[in-house]
Amino acid sequence: MIPKYHRNQERQIRHRRVRAKVEGTASRPRLSIFCSNRYLYAQIINDEVGQTIASVNDLGEKKSGTLLSAKTLGAALATKAKAKKVKEVVFDRGGYRYIGRVKALADGAREGGLIF
C-alpha cells in the first residue's frame, strides 16, 4: 500500500529533491522562499559557508500574503542583493508550485535586477 502524506509532507519531499540539485555558491547564491498561510519569507544564501546574505519578509505589511506584497518583497530583496553586490542567483522555490505568490516574488526580483 502506498503511504498517504499530508500536503506539507509532500512539499518537504519535493523540497529535499530540489535541494539535492540546487546549491548556492559565492558567485551564484541561492534565493530560498518559505510561504506560510499568512506571510512570505525570502533569503539569499551562500551554501558554501552557510551564510545568509540578504533576507526579507512581509511581517509588518497590512496587505501581507497578497500578490502585490509578494512582488514588492521580490523587488526589496533585489535592492538588498544589489547593495551586497549580488547579481545572479539560483532560484529555490522550496517545493512550492511556481504560481501565485512564488511567481510574483520571482517576477519582482527579476524586475529589481536579479538574474536567474
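The analysis underlying the following values was restricted to heavy atoms, covering all of them including side chains, and did not include hydrogens, waters or symmetry mates. If you're wondering where the values come from, they're calculated on a predicted model, not measured in any experiment.
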Test question: given the 4.5 Å side-chain rule for I, L, V, M, F, W and Y, name all other residues clustered with V49, or answer none. none

Could you give the distance from CD (E23) to CD1 (I45), rounded to the nearest 0.5 Å? 11.5 Å

State yes or no: do L59 and I44 share one hydrophobic cluster built from I, L, V, M, F, W and Y residues joined by side-chain heavy-atom distances below 4.5 Å, directly or via other members? yes

Taking only residues two or more places apart in sequence, or in another chain, which ones meet I115 in a side chain to side chain contact (heavy atoms under 4.5 Å, CB included)? E88

On a heavy-atom basis, which atom in P29 and which in A26 lie closest, and how many Å separate them? CD-O, 4.1 Å

Separation between CG (L73) and CG (L67), nearest 0.5 Å, reads 12.5 Å

Counting only N and O atoms by type, is there a donor-acceptor contact under 3.5 Å from the side chain of S64 to the main-chain atoms of G60? no

CZ (R93) and SG (C35) are apart, to the nearest 0.5 Å, by 11.5 Å

A76 versus T79, closest heavy-atom pair with distance: O-OG1, 2.7 Å

What are the two closest heavy atoms between A109 and A78, and how far apart are they? O-CB, 3.7 Å

Restricting to side-chain hydrogen bond (donor to acceptor under 3.5 Å, both in side chains), what partner residues turn up for R30, sequence neighbours left out? D47, D92

By the ring pair (Phe, Tyr, Trp, His ring centres under 6.0 Å) test, which pairs, at least two apart or in different chains, include something from residues 41-76? F34-Y41

The criterion is salt bridge (Lys or Arg N to Asp or Glu O under 4.0 Å); which residues satisfy it with K103, sequence neighbours excluded? D107

May I have the step-by-step check of side-chain contact (heavy atoms from CB on, under 4.5 Å) for V102 and F91, ending in yes or no? CA-CA 11 Å; V102 174; F91 189 64; 4.0 Å; yes

What residue pairs, at least two apart or across chains, pass ring pair (Phe, Tyr, Trp, His ring centres under 6.0 Å) with a residue in residues 55-86? none

Could you walk me through whether L40 and S69 satisfy the side-chain contact (heavy atoms from CB on, under 4.5 Å) test, starting with their C-alpha distance in whole Å, then the side-chain angles of each, then the deciding distance to 0.1 Å, before giving a yes or no? CA-CA 9 Å; L40 193 63; S69 100; 5.8 Å; no

Side chain to side chain contact (heavy atoms under 4.5 Å, CB included) partners of R16, counting only residues at least two apart: Q12, I13

Check R101 against A70 and note the closest heavy-atom contact, atom names and distance. O-CB, 3.6 Å

How about R11 and R7: do any of their side-chain heavy atoms sit closer than 4.5 Å? no

Mind checking the CG-CZ spacing from L31 to F116? Nearest 0.5 Å is all I need. 6.0 Å

With sequence neighbours left out, what residues match V90 under side chain to side chain contact (heavy atoms under 4.5 Å, CB included)? V22, R28

With sequence neighbours left out, what residues match S36 under side-chain hydrogen bond (donor to acceptor under 3.5 Å, both in side chains)? none

Those residues that, when tested against Y39, pass ring-ring contact (aromatic ring centres under 6.0 Å, His included) (two or more places apart): none

Who are the side-chain hydrogen bond (donor to acceptor under 3.5 Å, both in side chains) partners of R110, not counting sequence neighbours? Y98

Qualifying salt bridge (charged side-chain N to carboxylate O under 4.0 Å, His left out) pairs with a residue from residues 49-74, counting only residues at least two apart or across chains: K71-E111

